[in-house]
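Read through the structure below, which is laid out as structure tokens, and then see the notes.
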Amino acid sequence: MAQQKSIGTRLHLAVLCMVVSCQAIGLNDLLERAAQRSDKLHSLSTSLMSDLDSHFPPLGRMLMPRPSMCHTSSLQTPNDKQQTLRVTENELLSLIRSLLQAWSSPLFQLSSEAPNLPHPAASAIHSKLRELQDHTQSLGDGLDILVSKMGPSSQLISALPFNGGDVGQDKTSRLVNFNFLMSCFRRDSHKIDSFLKVLRCRAAKIRPEAC
Amino acid sequence: MWEKVLVNLMPLLLLPFPICTGVSPPGQPVHLYCRSPEKETFTCRWEPGSDGGLPTTYILYYQREDSDETFECPDYQSAGDHSCFFDRTHTSIWVTYNITIVASNSLGRTRSDPLEVDVMNIVYPNAPENLTASVEFLPSEDSPYLLMTWEPPHGLDVHSGWTTPTYQLRIKQEKQNEWEEYVSGKQTQFAIYSLPPEALFMVQVQCRIDHGLWSEWSPMVYAEVPNYTRSDKSDWIVVGVSLSFIVLVGTCILSVKRKYIKHCVLPPVPGPKIKGFDGQLLKNGRPEDILNAVFQQGFPPTVSCKDQLEYLVVFDSKESMMNSPTESHRPTSTETTSMLDPPYFYADLQSIQNLSAQQQIDASENPIAKHINNIKIQVNSQNNRDEELHMDRTAVNMFCTSTAIGYVDVSNVTEEELNENQLNYSKVSGVDTNNVLLLQREIVQPKSPPFREKGNLEEFTSQRSCYLDKTGPIPGGVNTGLKDNGYVDTMPM
């Protein structure tokens with residue numbers, strides 16, 4: 001009798017393990033892809049910033065707004081490793097998706113300004129921005145699929161309104177504003193990338209070679 | 001006198017800067033760099049200015065973007081002289097630090113320029129460690145490969161995913177001048193195959209985190225490839241076998257399809273096919289016989305053109321026909337059956353109808369139509385609309401069975417227009433199978449001689465019949481003369 005019971009419980013455990021591992025592998029794959037996409041996104045924003053910096057007036061650095069003026073700075077995010085490792089997956093995903101959402105319309109505005117930017121590499125910048133938009137979009141879509149597999153608490157998104165940004169009329173202020181927005185985006189893309197890589201490793205308990 | 005000297009010397013003595021002792025306030029310190037090796041701590045270093053000959057202390061002040069307080073460096077020792085080490089509790093990422101160094105001695109203080117730093121931008125890892133390169137042999141083959149392994153730099157937290165280093169190798173043979181670079185991604189091992197025998201390889205590896213700065217190259221590691229004989233034989237055997245197989249298959253295909261290939265490559269030349277022409281006759285016969293044979297059928301062929309009419313112009317009434325100034329040939333007689341005035345022949349509808357009735361013309365056989373190339377229908381728009389419509393359709397219908405007709409002209413002419421030389425032509429846009437001719441909607445001025453145009457019209461596959469498009473430039477709207485299937489009644493009821 002006891003033996004039958006133990007066989008039964010073992011069977012149940014085995015089935016449960018399989019189900020869990022099947023689901024975990026699905027999530028693993030999704031997180032892996034998301035992390036690769038965010039890595040590419042951060043790489044693009046880094047190269048865009050270096051293109052912009054190559055021809056930046058020294059006066060512009062003085063005029064640059066403080067990073068605390070970024071429209072996403074009101075979102076409370078972890079600021080070091082200890083804090084990040086303490087945050088739950090759902091909350092991390094919520095932060096990531098809020099940041100991504102907050103950038104869809106500013107990127108659109110940047111993309112429309114890029115062809116008229118008084119910068120020698122304006123066309124390269126424009127094409128990189130379009131690529132950036134595509135990657136942001138596809139990452140957002142992938143994360144939507146990911147959170148649908150997780151609980152409802154991961155689906156909360158904080159709204160971070162973008163007030164349009166006053167571009168300014170003269171060459172220098174347009175360039176400075178563009179640069180400032182891109183630096184805000186680069187910081188946020190690094191946050192997204194770091195958080196996703198932490199999530200990827202956290203989910204990879206079954207496949208440690210993923211980390 | 002001594003007072004005078006003292007008075008003169010007093011200003012010199014009271015001068016703020018020394019003349020003889022050589023001490024001064026400190027020179028301005030200069031930032032060198034700030035670096036974070038693992039995204040958890042960072043270190044800033046500076047270059048001191050001159051110390052002015054006095055003991056000078058350096059104090060680092062910093063402000064964070066998220067607060068207004070000014071802090072002092074937490075640790076001046078751990079990283080050595082002229083450095084400040086920020087440990088985990090004092091380091092935040094994605095926060096801008098504003099750092100200033102103040103050098104002070106008893107004579108004064110000097111501030112450095114401020115430096116803005118975000119840990120995200122200063123990630124500079126140490127070089128990867130424990131690089132090993134060894135020559136291994138695959139168990140099944142004799143050819144060796146170069147296997148390189150290494151470890152991430154110490155202190156990096158890879159397991160939690162906080163840092164994900166990516167690696168890059170460079171390899172060179174001792175006798176080569178240039179390095180070959182290979183990207184290894186996240187892997188901590190790499191292999192290179194097909195090594196030349198008796199070569200000495202030099203290997204180095206570096207890493208970076210999150211598309212930041214590349215680390216220094218690791219120390220060089222050497223690996224020697226022993227002398228071995230390359231077994232190229234197996235390669236040649238594989239090549240030979242596959243080639244012979246291909247040749248065999250090709251030969252089979254060719255032999256099976258030789259007729260088809262012969263047809264493709266050497267197409268048969270059509271022989272001469274002149275009717276009544278006999279090649280043998282040409283060779284052997286006499287000239288008279290040849291000529292007779294060839295010209296038997298009355299060569300060259302002649303076609304009687306006399307009966308062909310260029311235009312049949314149909315008027316709706318005799319009066320308008322008389323009044324028409326458009327053509328130079330005015331009909332002089334009322335005898336409408338005359339067909340001897342090419343290229344234009346004028347008729348009015350009634351006469352045509354009478355003629356048709358007389359000759360009991362079937363819609364499919366119209367001897368008149370056979371001789372007519374084009375029809376021009378001139379409608380006096382002042383008449384009753386219904387009548388006009390019937391007249392058009394009747395006229396057209398009667399002549400449309402002719403295969404020779406390419407041009408049906410319907411002109412809607414008013415009294416005024418009769419005096420103008422306006423030619424409005426409707427182009428034929430399509431032909432249906434039974435008694436229907438499709439006319440184009442627009443009225444087009446003819447620019448070319450009125451021959452059959454294919455252009456963008458539909459194909460004239462069957463010229464046996466035609467119908468009037470009810471949206472064409474025919475005056476009047478849909479009439480009861482129209483049957484359900486779109487065909488036009490021959491006679492108005």
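Naming convention: chains lettered A, B, ... in sequence-line order (proteins, then strands); numbering from 1 in each chain.
- Checked options B:T96, B:D118, B:D66; the residue passing with A:P67 is B:T96 (criterion: side chain to side chain contact (heavy atoms under 4.5 Å, CB included)).
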After noting the C-alpha distance and the side-chain angles of A:K191 and B:M120, does the key distance pass the side-chain contact (heavy atoms from CB on, under 4.5 Å) rule?
CA-CA 9 Å; A:K191 283 188 191 178; B:M120 154 180 127; over 6 Å; no
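- The existence of a salt bridge linking B:D210 and A:K197 is confirmed by a sub-4.0 Å separation between a basic side-chain nitrogen and an acidic carboxylate oxygen.
- Contact count versus chain B (heavy atoms, under 4.5 Å) is highest, among A:L199, A:T84, A:T77, for A:T84.
- Taking a 6.0 Å sphere around CE of A:M69, one finds it holds 12 or fewer heavy atoms contributed by other residues, nucleotides or ligands.
- Contacts between residues 125-138 of chain B and chain A, defined by a heavy-atom separation under 4.5 Å, are made by no residue at all.
- Residue B:E116 holds its CD atom at 4.5 Å from CZ of A:R66, rounded to the nearest 0.5 Å.
- The list of disulfide bond (SG atoms under 2.5 Å apart) pairs with a residue in residues 131-167 of chain B, not counting sequence neighbours, is empty.
- The choice from A:P78, A:S68, A:S73 that makes the most heavy-atom pairs within less than 4.5 Å of chain B is A:S68.
- Scanning residues 41-56 of chain A against chain B with a 4.5 Å non-hydrogen threshold yields A:H42, A:S43, A:T46, sorted by number.
- For B:R64, the CZ atom sits in a packed shell: over 12 heavy atoms of surrounding residues, nucleotides or ligands are nearer than 6.0 Å.
- Nearest heavy atoms, A:S194 versus B:W94: OG-CZ2, 3.6 Å.
- For B:E178, the CD atom counts as loosely surrounded, since its 6.0 Å shell holds 12 or fewer non-hydrogen atoms of other residues, nucleotides or ligands.
- In the model, B:N121 has no side-chain atom that pairs as donor or acceptor with a side-chain atom of A:R187 under 3.5 Å.
- Inspection of the A:D193 and B:H211 side chains reveals no N or O donor paired with an N or O acceptor under 3.5 Å.
- Among the residues in residues 158-169 of chain B, those with a non-hydrogen atom closer than 4.5 angstrom to a non-hydrogen atom of chain A are B:V158, B:H159, B:S160, B:G161, B:W162, B:T164.
- Side chains of B:K39 and A:K81 form no contact here, defined as non-hydrogen atoms less than 4.5 Å apart.
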